[in-house]
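I have placed the structure first, in the form of structure tokens, so that the comments after it can refer back to it.
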Amino acid sequence: MVRAMSKSGTADLIVLGAGIVGVSAAYAASERGLSVILVDRREPGGETSYGNAGVLSSGSIVPFNKPSLFPALPRYLSNRHAALRWDPLWAARNAGWLLRFLANATPSNVKPRAMALHGLIGASLALHRQWLVKAGASARLRETGWLKAWRSDATDAARAEQALLAEYGIESEIVDRQAISALEPGIVPAYTIGLLHTQTASVDSPGEVTAAYARMFAGSGGEIVKAEIGAIAPEAGGWRVRLASGTISARHVVVALGPWSADLLRPLGYRVPLAFERGYHQEFRPHPARSLRRPIHDADGAFVMTPMQNGIRITTGVELTARDAPSSLAQLEAVVPLARGVAEFGEASSPVWRGARPTLPDSLPIIGRAPRHAGLWLAFGHQHIGFTTGPATGAAIAAMLAARSPSFDVAAFSPGRYL
Ligand SMILES: Cc1cc2nc3c(=O)[nH]c(=O)nc-3n(C[C@H](O)[C@H](O)[C@H](O)COP(=O)(O)OP(=O)(O)OC[C@H]3O[C@@H](n4cnc5c(N)ncnc54)[C@H](O)[C@@H]3O)c2cc1C
């Protein structure tokens with residue numbers, strides 16, 4: 001049950017933020033026997049963890065800042081490509097962040113980051129598959145893969161991606177126009193070539209999955225508090241958390257506030273280089289006889305369309321700007337007609353949603369203890385793959401809290417690399 005104020009007021013651990021990362025940390029810690037209070041101003045899974053494309057991606061091991069970004073830059077600089085829009089004023093103010101982001105896109109930076117993300121993703125997919133069953137939400141899981149598809153003849157690009165994934169033991173299949181039609185009989189044959197990520201899964205409502213994990217946490221004795229978080233401060237033996245509804249305290253605190261994480265840490269002297277790869281979605285009534293079977297990433301069109309509980313969700317590429325800048329519908333307006341050219345669907349069934357992928361310059365999340373404060377744990381910055389990687393992030397934090405080793409190598413995610 002979600003309350004406005006904590007019943008107990010104290011716990012072993014307070015988790016700040018009930019997105020997929022915070023909910024996962026809270027559940028994993030309560031599984032280890034800790035008393036846990038989970039706090040959010042919204043219902044669990046109401047923000048970024050609600051609006052994503054629901055892809056549980058085995059293959060997203062090479063982030064957006066990769067070597068192929070450089071040849072694409074001239075197209076992106078025009079500020080007309082649906083894959084990337086950017087705000088010149090924001091870019092001027094954040095030139096340092098952009099340079100660090102680009103510095104990570106060099107060939108020598110691919111392998112270490114891919115290795116690190118592969119470990120995190122592998123551990124997380126295993127947990128999602130277990131937790132979906134435990135949470136009674138397994139019906140939301142689709143083991144139908146993820147199709148990346150090109151309108152152009154991108155056979156070389158598809159082969160190169162397949163070869164890279166194979167280096168990490170990730171399976172995929174190259175599919176031609178005919179094979180794509182067999183996989184997705186409801187769409188028109190617009191794609192020349194595709195790469196089917198066979199070990200990738202998806203869910204039909206990421207928000208509901210996060211909420212189901214939160215119910216599982218509450219069912220294991222955890223407490224959920226719905227309140228605005230004002231500040232955190234160290235006190236003897238732990239941490240005090242100021243909420244709009246009062247103060248609570250615990251020995252340990254986890255900051256899992258997604259795109260809002262840096263705000264709360266600034267007064268403690270941590271300047272987190274967090275930027276926001278904003279994205280939009282809108283849902284549309286599906287055609288009853290021509291539904292999609294899996295998420296499709298239209299590589300040339302720069303959008304993803306996913307069959308969801310409430311219709312076909314179309315998600316956009318990246319908009320680099322301030323987290324709270326006014327919405328721009330340019331990318332969504334560019335891609336919806338492209339999607340309509342491939343799949344048949346009806347009127348919009350949801351308002352436009354906007355979210356912010358929280359991203360650090362190396363596109364790796366921060367997972368671990370804050371360098372200068374005992375009992376303060378950080379878990380944020382999961383960019384495009386936070387819904388996939390939330391569970392193992394939470395499990396790693398819970399393991400480290402209990403002085404145990406996480407099930408994957410967390411060295412690359414150390415907070416010390418930036419703080
Ligand atoms: C368009 C788009 C598509 C995406 N598609 C995918 C995908 O297919 N697969 C994938 O793996 N990832 C995807 N992602 C990325 C993924 O959604 C995020 O990385 C992930 O949801 C981040 O989770 P989180 O728990 O860190 O943050 P959030 O889900 O944002 O949770 C943070 C929580 O903190 C709370 N909060 C913040 N400040 C306060 C405060 N002061 N007081 C109280 N509460 C507060 C918020 O209410 C929120 O609930 C996508 C993202 C976008 C934008």
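All values derive from a computational prediction rather than experimental measurement. Order of listing sets the numbers, starting from 1, for every ligand and every atom in it. The figures that follow rest on heavy atoms only: side chains count, while hydrogens, waters and symmetry mates do not.
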Please check whether [X] reaches ligand 1 - meaning an N/O of the residue sits under 3.5 Å from an N/O of the ligand, judged on distance alone.
X	value
Ala53	yes
Thr316	no
Thr389	no
Ala18	no
Trp260	no
Thr48	yes
Thr315	no
Val21	yes
Ile20	yes
Gly386	yes

Looking only at protein heavy atoms, which one is nearest to [atom], and what is the separation?
atom	result
atom 27 (O) of ligand 1	Gly258 CA, 3.5 Å
atom 44 (N) of ligand 1	Arg41 N, 3.1 Å
atom 47 (O) of ligand 1	Asp40 OD1, 2.7 Å
atom 6 (C) of ligand 1	Asn52 CB, 3.3 Å
atom 19 (O) of ligand 1	Gln383 O, 2.9 Å

Review point. Should the ring pair Phe284 and Phe345 be called parallel, tilted or perpendicular, given that the plane angle runs from 0 to 90° and is split at 30 and 60?
Key: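 Aromatic pair Phe284/Phe345 classed tilted.
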
Check your understanding: Going by atom types alone, do Ser249 and Arg240 pair a side-chain donor with an acceptor below 3.5 Å?
Key ->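 No.
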
Practice item. Ignoring hydrogens and angles, state whether a donor on the side chain of Ser124 or Thr389 is under 3.5 Å from an acceptor on the partner side chain. Key: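 There is no such pair (donor and acceptor under 3.5 Å, judged by atom type) between the side chains of Ser124 and Thr389.
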
Point to revise | Other residues, nucleotides, ligands: >12 heavy atoms within 6.0 Å of Arg404 CZ | key: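 12 or below, so no.
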
**Study point:** Glu171 atom CD, over 12 foreign heavy atoms within 6.0 Å
**Key:**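 No, the 6.0 Å shell around CD holds no more than 12 heavy atoms from other groups.
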
With heavy atoms only and a cut-off of under 4.0 Å, state how [X] meets ligand 1: side chain, backbone, both or neither.
X	answer
His281	neither
Ala227	backbone
Arg278	neither
Phe387	both

Any ion pair linking [Y] and [X] (charged N to carboxylate O, less than 4.0 Å)?
X	Y	value
Glu184	Arg293	no
Lys226	Asp40	no
Asp87	Arg278	no

Review point. Got a sec, which residues hit side-chain hydrogen bond (donor to acceptor under 3.5 Å, both in side chains) with Arg372, two or more places apart in sequence or on another chain?
Key: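 Listed in chain order: nothing, the list is empty.
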
Review point. Would a line drawn from the ring center of His382 to the ring center of Phe413 be shorter than 6.0 Å?
Key: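 His382 vs Phe413: aromatic centres not under 6.0 Å.
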
Review point. Under 4.0 Å from any heavy atom of Gly54, which atoms of ligand 1 are there?
Key: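 Every atom of ligand 1 under 4.0 Å from some heavy atom of Gly54: 7 (C), 8 (O).
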
Point to revise | Numbering as shown, the atoms of ligand 1 that approach Ile229 to under 4.0 Å (heavy-atom distance) | key: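 Ligand 1 atoms under the 4.0 Å threshold to Ile229: 40 (C), 41 (N), 42 (N), 43 (C), 44 (N).
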
Check your understanding: Hey, what do you get for CE (Met216) to CH2 (Trp131), rounding to the nearest 0.5 Å?
Key ->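 Result: 6.0 Å between the selected atoms.
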
Exercise for review: Please say whether the positively charged group of Arg313, taken as NZ for Lys or CZ for Arg, lies over the ring of Tyr50, i.e. under 6.0 angstrom from the six-membered ring centre and within 45 degrees of the axis.
Suggested key: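 Yes, a cation-pi geometry holds between Arg313 and Tyr50.
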
Review point. For atom 36 (N) of ligand 1, which candidate among Leu243, Thr359, Leu257 provides the closest heavy atom?
Key: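 Result: the heavy atom closest to atom 36 (N) of ligand 1 is in Leu257.
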
Review point. By salt bridge (charged side-chain N to carboxylate O under 4.0 Å, His left out), which residues pair with Arg357, not counting sequence neighbours?
Key: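 For Arg357 there are no salt bridge (charged side-chain N to carboxylate O under 4.0 Å, His left out) partners, ignoring immediate neighbours.
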
